[in-house]
Amino acid sequence: MSGLKVEQILCDYRAELLGTDRLDPRFGWKLGSDLRGTRQKAYRLQVTDSVNNFHNPTWDTGVIESVKSIQVEYKGPELQSRTRYYYRVQVWDYFERESAWSEVGWWETAFLNADEWKASWITSESVQEGDEAEPVSMLRQSFKIKPDIASARIYATAAGLYDIYLNGTRVGNDWLTPGWTSYLHRHQYQTYDVTTALSTGENAIGIQLADGWYLGRLGWENKTNHYGDTRAALLQMHIEYADGSEEVVCSDTSWRSSTGPIVFSEIYDGEMYDARLEQSGWSNEGFNDLDWRGVKKLELPNSNLVAQENWPVRVTETLKPQAVIHTPSGETVLDMGQNMVGRVRLVANLSAGTTIVLHHAEVLDAEGNFYTDNLRSAKQKVEYIAKGGITESYAAMFTFQGFRYVKVEGLESLNDEFLMEAFTGEVMHSEMESTGDFECSNPMVNQLQRNIRWGQRGNFVDVPTDCPQRDERLGWTGDAQVFIRTAAFNYQVAPFFEKWMRDLKADQRSDGSVPFVIPNILDGNSSNAGEDQTQTSAAWGDAAVICPWIQYLCYGDDRLLAEQYDSMKAWVDYIKEQGADQHLWNTGFHFGDWLGLDAKENSYVGATPLDMVATSFFAYSTRIVRDASAVLGRAKEEIYYANLYKDIIAAYHHEFVTPAGRLAAPTQTAHVLALMFNLVEGEIRQRVASDLNKMIIKNNYHLTTGFVGTPYLCPVLSDNGFHATAVKLLLQESYPSWLYSITKGATTIWEHWDGIKPDGSFWSKDMNSYNHYAYGAIGEWLYRYVAGLDLDDTEAAYKRIRIHPRFAEGEITYARARLDSPYGFIESFWKEEEGLRKVEVIIPVNTTAQIVLMGARLTKLTDEKGPAATAEGILSAKESLDSVILLAGSGKYLFSYPI
């Protein structure tokens with residue numbers, strides 16, 4: 001039996017993909033081998049529309065000599081709508097071994113053409129126009145079906161949020177559908193397999209409709225109806241029978257409508273549920289809906305409908321309260337033990353009419369009382385009125401909260417044990433697969449990593465939001481671009497950002513400028529800072545360029561890079577037109593080094609000059625577009641942007657570098673950006689790096705960087721010979737530092753370094769989130785530098801891996817990073833003990849790795865079975881002045897050498 005096997009197969013990043021409208025899905029597979037240095041030599045991929053028909057497949061590549069095992073595009077006959085396809089893979093390696101066929105995977109198409117929609121958009125006759133949210137609508141229809149059902153699918157969406165019930169049971173486990181997109185350009189619909197939910201004869205279907213992002217309140221100016229003023233549903237169910245016949249059930253004007261127990265539901269303000277208003281059996285056959293109202297047709301387009309792209313939002317974990325707190329003010333408060341995002345479920349037997357009100361907050365104040373001032377106008381309130389007589393179970397359906405603490409009103413007479421049992425926190429976010437983790441010898445750094453992951457989960461609720469609790473929760477572009485690389489270590493975020501980047505492209509303005517938030521609901525509004533919100537900003541709009549590029553580097557997704565390429569160019573071309581000489585960006589509004597600690601009093605903007613920040617990002621984005629042009633084979637554009645990049649660098653030096661080689665702005669962020677974006681070279685670079693190091697030491701190993709400088713601070717120190725300083729910054733516990741918040745009990749990343757000050761008081765209530773992932777971008781440095789797990793930019797998606805741990809001179813004695821990459825599992829682990837440095841590395845099949853071992857000498861470097869230089873799987877070995885550099889094939893290695 002061959003030691004070569006196909007361990008996992010994926011279609012567009014998913015093991016099972018139900019409901020896609022891609023005409024060219026892509027496949028990938030991960031391999032296993034019992035030999036080091038295994039590389040794929042060839043593959044064969046088969047696709048069929050019947051699981052038992054691989055002997056006569058729809059598409060058979062034949063044996064293709066290629067090392068490619070990710071992003072393999074379907075190039076068979078044209079796919080058909082509403083069809084399930086099955087696929088399998090077989091591979092060969094350079095040891096001349098042949099694997100068995102993989103297990104069979106599948107994907108299923110949805111509608112591949114908009115004219116396949118026969119259903120009508122419908123809305124309740126009771127829905128009224130206006131600013132006040134009215135009760136959640138309930139729509140229903142009965143229908144009859146024949147025996148011998150072969151399959152049934154529902155395709156559905158809403159202007160608003162929806163869920164579906166079939167014969168009394170909720171369909172699926174997705175929440176907050178259809179998600180949030182740039183609805184006027186791209187509106188997602190979902191596909192549900194309901195084959196087993198139907199019965200021969202009479203059936204019934206029901207839909208609940210809430211305002212959600214479509215017409216609910218969004219932003220801090222109390223504005224509603226961003227995409228329309230009427231909620232509506234669209235549903236089409238296809239039922240196929242064993243004899244090949246089909247029936248279609250559509251939303252149309254024959255449906256009936258009413259309202260029920262959800263009398264209020266808003267994203268920011270929560271939900272009110274009166275169980276006494278439940279209409280028992282409303283989605284079952286036989287329900288009497290004679291007193292229900294009719295529905296009316298709403299004219300909405302189908303041309304902008306797209307099949308689900310992102311991971312769905314689901315409940316991924318449950319948390320029980322860790323304590324019941326009775327505050328000095330007399331409040332009864334549940335402590336969930338974790339700042340989380342989602343909802344609280346109540347399960348209890350209560351007297352009819354009992355009213356329970358839940359308020360949600362992230363922190364308690366200095367006296368230990370419940371604190372909600374930082375929510376601004378968001379209420380985050382859930383109210384439940386019991387029906388009585390039975391055990392009732394309820395959790396909010398069309399909203400979510402960001403909280404650790406829950407103030408309970410209405411149950412004060414019950415004991416703490418009852419409260420601990422009755423309530424459960426349900427964690428909600430886009431259901432991304434966890435792909436990576438980091439740990440080290442410092443417990444506080446490990447807590448920091450946990451906080452980063454929790455912050456990502458809480459702010460990845462269908463869009464990458466800045467915060468999940470106050471009257472904001474928007475897809476700020478700047479936050480997304482600084483964090484995307486860390487995000488791609490922690491979780492599988494390819495579909496998440498693919499969907500969001502398409503929305504960015506859709507909302508990008510005709511002049512190439514990029515809104516502050518995506519989806520864009522701010523244009524035409526004025527902010528609390530007074531800036532013109534039809535404008536843009538450096539570092540924020542650069543998400544149009546940075547995010548597609550990082551997605552390409554991490555996943556090898558050149559298709560998305562090609563899709564976004566015009567958007568990327570448009571952003572850089574827009575910037576070029578803004579500057580007085582087209583090579584400096586010295587005009588317009590900018591956030592600058594937002595929240596920089598060197599800001600003037602009563603200002604949020606750090607001291608680094610705005611035009612210096614803007615021009616730095618101008619250069620960075622231009623360089624990325626140059627490199628993207630090379631990847632995509634756009635030779636003419638590559639030359640153009642290469643020349644533009646050189647001109648920007650020259651203009652930067654003329655404007656911001658003194659003749660003596662010193663930066664004109666004596667700020668940490670100015671130095672960080674110059675180094676990170678390679679704006680300085682040679683002796684000037686050495687001086688800039690040395691000056692940055694001196695600034696930090698002079699500041700007693702504290703940072704002053706803000707939003708744009710902080711993510712790059714530790715990487716540029718490590719890259720330029722000052723890794724020890726970077727480690728001291730990491731391990732700093734006094735304000736300002738990453739660990740300061742942990743000394744204050746933080747379980748997520750804060751918006752401000754001193755969200756809670758040393759004396760227990762708070763930063764300004766106007767802008768003080770305790771779940772703000774941006775400063776969690778330090779996670780990228782933990783993976784790439786402390787543990788040393790990185791990729792080589794010349795071969796995307798970890799095809800060529802770089803293992804280069806930077807050791808911490810006793811400050812950290814071990815570190816481990818793991819990543820489930822597109823090719824398979826990678827690990828970099830090192831520890832120091834008994835005078836030895838031990839480094840354990842796992843390299844997946846069909847990749848190679850450059851392994852840099854600092855302080856090692858070839859004569860003293862061993863693998864498990866002898867000298868490392870001659871070990872199986874080692875392709876080359878050489879010494880540099882301060883390290884050994886190995887080129888290794890796949891496999892597990894355990895190196896050891898004296899410190």
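For reference, positions follow the sequence shown, starting with 1. Values below: every heavy atom of this structure, side chains too, minus hydrogens, waters and symmetry copies. All values reported here derive from a predicted model rather than from experimental measurement.
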Check your understanding: Taking only residues two or more places apart in sequence, or in another chain, which ones meet Arg685 in a salt bridge (Lys or Arg N to Asp or Glu O under 4.0 Å)?
Key -> none
For residues 437-446, tabulate all N or O donor-acceptor pairs below 3.5 Å that involve a side-chain atom, not counting sequence neighbours.
residue: Asp437; atom: OD1; partner: Gln449; partner atom: NE2; Å: 3.2
residue: Glu439; atom: OE1; partner: Tyr814; partner atom: OH; Å: 3.3
residue: Ser441; atom: OG; partner: Thr813; partner atom: N; Å: 2.8
residue: Ser441; atom: OG; partner: Thr813; partner atom: OG1; Å: 3.4
residue: Asn442; atom: OD1; partner: Met444; partner atom: N; Å: 2.9
residue: Asn442; atom: OD1; partner: Val445; partner atom: N; Å: 3.1
residue: Asn446; atom: OD1; partner: Cys440; partner atom: N; Å: 2.8
residue: Asn446; atom: ND2; partner: Cys440; partner atom: O; Å: 2.9

Revision key, fill the gap. The complete set of side chain to side chain donor-acceptor pair (under 3.5 Å) pairs with one or both residues in residues 649-658, sequence neighbours excluded, reads none
Practice item. List in chain and number order the residues that pass ring-ring contact (aromatic ring centres under 6.0 Å, His included) with Tyr701, two or more places apart in sequence or in another chain; answer none if no residue qualifies. Key: none
Check your understanding: Ion pair present between Arg687 and Glu683, side-chain N to carboxylate O less than 4.0 angstrom?
Key -> no
Under 3.5 Å, which donor-acceptor pairs do the side chains of residues 784-791 form with other protein atoms, sequence neighbours left out?
residue: Arg784; atom: NE; partner: Asp790; partner atom: OD1; Å: 3.1
residue: Arg784; atom: NE; partner: Asp790; partner atom: OD2; Å: 3.0
residue: Arg784; atom: NH1; partner: Glu780; partner atom: OE2; Å: 2.5
residue: Arg784; atom: NH2; partner: Asp790; partner atom: OD2; Å: 3.2
residue: Tyr785; atom: OH; partner: Asp719; partner atom: OD1; Å: 3.3
residue: Tyr785; atom: OH; partner: Asp719; partner atom: OD2; Å: 2.8
residue: Asp790; atom: OD1; partner: Arg485; partner atom: NH2; Å: 3.1

Point to revise | Inter- and intrachain pairs under salt bridge (Lys or Arg N to Asp or Glu O under 4.0 Å), touching residues 583-608, at least two apart | key: none
Exercise for review: Just grab all the salt bridge (Lys or Arg N to Asp or Glu O under 4.0 Å) pairs involving residues 657-675, residues at least two apart or on different chains.
Suggested key: Arg662-Asp691
Check your understanding: For the side-chain contact (heavy atoms from CB on, under 4.5 Å) test, which of Leu474, Leu218, Val463 pairs with Pro519?
Key -> Val463
Revision key, fill the gap. Contacts satisfying ring-ring contact (aromatic ring centres under 6.0 Å, His included) that involve residues 442-473 (not counting sequence neighbours) are Phe460-Phe496, Phe460-Phe497, Phe460-Tyr773
Show me the side-chain donor-acceptor pairs of residues 607-623 shorter than 3.5 Å, one per line, residues at least two apart or across chains.
residue: Thr608; atom: OG1; partner: Thr667; partner atom: OG1; Å: 2.7
residue: Thr615; atom: OG1; partner: Trp585; partner atom: N; Å: 3.0
residue: Thr615; atom: OG1; partner: Asp611; partner atom: O; Å: 2.8
residue: Ser616; atom: OG; partner: Met612; partner atom: O; Å: 2.7
residue: Ser621; atom: OG; partner: Asp542; partner atom: OD1; Å: 2.5
residue: Thr622; atom: OG1; partner: Phe618; partner atom: O; Å: 2.7
residue: Arg623; atom: NH1; partner: Phe677; partner atom: O; Å: 3.3

In a table with atom names and distances, give each donor-acceptor pair under 3.5 Å that connects a side chain of residues 637-647 to protein atoms at least two apart or in another chain.
residue: Tyr641; atom: OH; partner: Asp573; partner atom: OD1; Å: 2.9
residue: Tyr641; atom: OH; partner: Asp573; partner atom: OD2; Å: 3.4
residue: Asn643; atom: ND2; partner: Ile639; partner atom: O; Å: 3.3

**Study point:** Non-neighbouring partners of Phe489 that pass ring-ring contact (aromatic ring centres under 6.0 Å, His included), sequence neighbours left out
**Key:** Tyr783
**Study point:** Side-chain donor-acceptor pair present, Gln447, Arg450, cut-off under 3.5 Å
**Key:** yes
Point to revise | All side-chain contact (heavy atoms from CB on, under 4.5 Å) counterparts of Asn700, not counting sequence neighbours | key: His702
